[in-house]
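One-based numbering, in listed order, for ligands and for the atoms of each.
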Amino acid sequence: MNALFCQRRALLDTALAMNRLGLNQGMAGNVSVRTGGAFLITPSAMAYEECVPADMVLVAMDGRARGSRRPSSEWRLHRDIYRLHPQAGAVLHAHPPWCTTLACLEREIPPFHYMVAVAGGDSIPLAGYATFGTAALSEQVEQALRDRTACLMAHHGMVCLADTLKDVLALALEVENLARIYTRALQVGEVPLLSSAQMAEVRARFADYRQPGPPPDAGEEEAGPGGARQGG
Ligand code: 13P
C-alpha cells in the first residue's frame, strides 16, 4: 500500500468519524490533509459513507485538482489556511450543532472557560459571513485565524487546523464541547469571563502540557519503578 493511498484512507476515516461523532451531518463539511506541496481533500457533494479512498481529491497549491471527482467547494479555504499556517497538516470544516448555533447568533466563544485557550488565544473568534465556497469567505476566515487554530463562521459552522488528522478531529470535538457548555450557560444568565492575565497563565501552562517523548535510547539507562523512566 503506498503512502498516498494510506493518506486517502485516513482522510476518509476522519470524515466518517466527524459525522459519527456528531460534529457534522450528511454532505456538509469537508476535511483535508497536507501531502508534500499539495493537499488531499474530500470530494464535493458526496456522502462520505458512499466514498472510497480514490474519491479523495489531490489539489495543488495553485488550485489545480487531480482525480475523477470535483474537490470540496471549500478547497480555496483549505488552501489559504495551509498558506497562512505552514505548520498545519490538516484542516477540518464542519457544521457542528452547538458551534453553528452560536455562529448563527453571530457570537464568538469568549474566555468563559480556561479550555478556550486550546485554540491559541483568549477567544474562539467569529469569522464574518460570506457565501460558501468563495474567496470572500476564505478572506473572512483568514482574518479570524490569523493567531488562532479554530474559529466559528457566521451563519455557517466552524473550521480548525492542527498538525495531524487525529489532532484536528480532537480540536473540533473540544471546540464543539465548549460551544455546547457556553450556549447552556447563556441560557441561565450572564456568563462571567476569565481575565486576559488568567488566560495568559493558561496558555503558558498549555505550552508544557504533554507527556515527554520516548527516551533517546531506552536500553542505556536503568528503568525506574514499573519499567518507566522518571522525570522529564
Ligand atoms: P462540499 O460538499 O463542497 O465540501 O461543501 C460542503 C460545505 O460545507 C460547504 O461549506
**Item:** Pairwise side-chain contact, I124 with Y182, heavy-atom cut-off 4.5 Å (strictly under)
**Value:**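 No, side chains not in contact.
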**Prompt:** Ion pair present between R9 and D13, side-chain N to carboxylate O less than 4.0 angstrom?
**Reply:**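 Counted as a salt bridge, because a side-chain N and a carboxylate O are separated by less than 4.0 Å.
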Just jot down the ligand 1 atoms closer than 4.0 angstrom to any heavy atom of [X], in number order.
| X | result |
| --- | --- |
| H95 | 8 (O) |
| H93 | 8 (O), 10 (O) |
| N30 | 1 (P), 4 (O), 5 (O), 6 (C), 7 (C), 8 (O) |
| F132 | 9 (C), 10 (O) |
| M27 | 2 (O), 6 (C) |

**Item:** Whether H156 lies under 4.0 Å from ligand 1, heavy atom
**Value:**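 H156 counts as a contact of ligand 1 under the 4.0 Å cut-off.
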**Message:** Could you check whether any heavy atom of M46 sits closer than 4.0 Å to an atom of ligand 1, since that is the contact criterion I want to use?
**Reply:**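 In this structure, M46 fails to qualify as a contact of ligand 1 - no heavy atom is under 4.0 Å.
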**Message:** So, taking the atom named OG1 in T134 and the one named CD in E74, what distance separates them when rounded to the nearest 0.5 Å?
**Reply:** 7.5 Å
**Request:** Hey, could you give me the CD1/CZ distance between I81 and R76, rounded to the nearest 0.5 Å?
**Result:**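 Between I81 CD1 and R76 CZ, I get 13.0 Å after rounding to 0.5 Å.
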**Prompt:** With distance as the sole criterion, is a donor-acceptor pair present between the side chains of D80 and S138 under 3.5 Å?
**Reply:**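 Distance-only check passes for D80 and S138.
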I need the nearest protein heavy-atom contact for [atom]: residue, atom name and distance, please.
| atom | result |
| --- | --- |
| atom 2 (O) of ligand 1 | A45 N, 2.9 Å |
| atom 1 (P) of ligand 1 | S73 OG, 3.6 Å |
| atom 10 (O) of ligand 1 | E74 OE2, 2.6 Å |

**Asked** Is any N or O atom of A28, backbone or side chain, closer than 3.5 Å to an N or O atom of ligand 1?
**Response**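 No; every N/O pair is 3.5 Å or more apart.
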**Item:** Polar proximity ligand 1 side, G29 side, N/O cut 3.5 Å exclusive
**Value:** yes
**Message:** Check for me whether the distance between the ring centres of H78 and H93 falls short of 6.0 Å.
**Reply:** no
**Message:** Using a 3.5 Å distance criterion without hydrogens, assess whether the side chain of D163 forms a donor-acceptor pair with backbone atoms of A90.
**Reply:**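 Such a contact is absent between D163 side chain and A90 backbone.
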**Prompt:** Between Y82 and F39, what is the ring plane arrangement, given parallel below 30°, perpendicular above 60°, and tilted in between?
**Reply:** tilted
**Message:** Test of understanding: given a 4.0 Å heavy-atom threshold, classify the contact between S72 and ligand 1 as side chain, backbone, both, or neither.
**Reply:**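 S72 to ligand 1: contacts from backbone and side chain alike.
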**Request:** Please answer: with hydrophobic residues joined when any side-chain heavy atoms are less than 4.5 Å apart, are L178 and W98 in the same cluster?
**Result:**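 No, L178 does not connect to W98 through the hydrophobic network.
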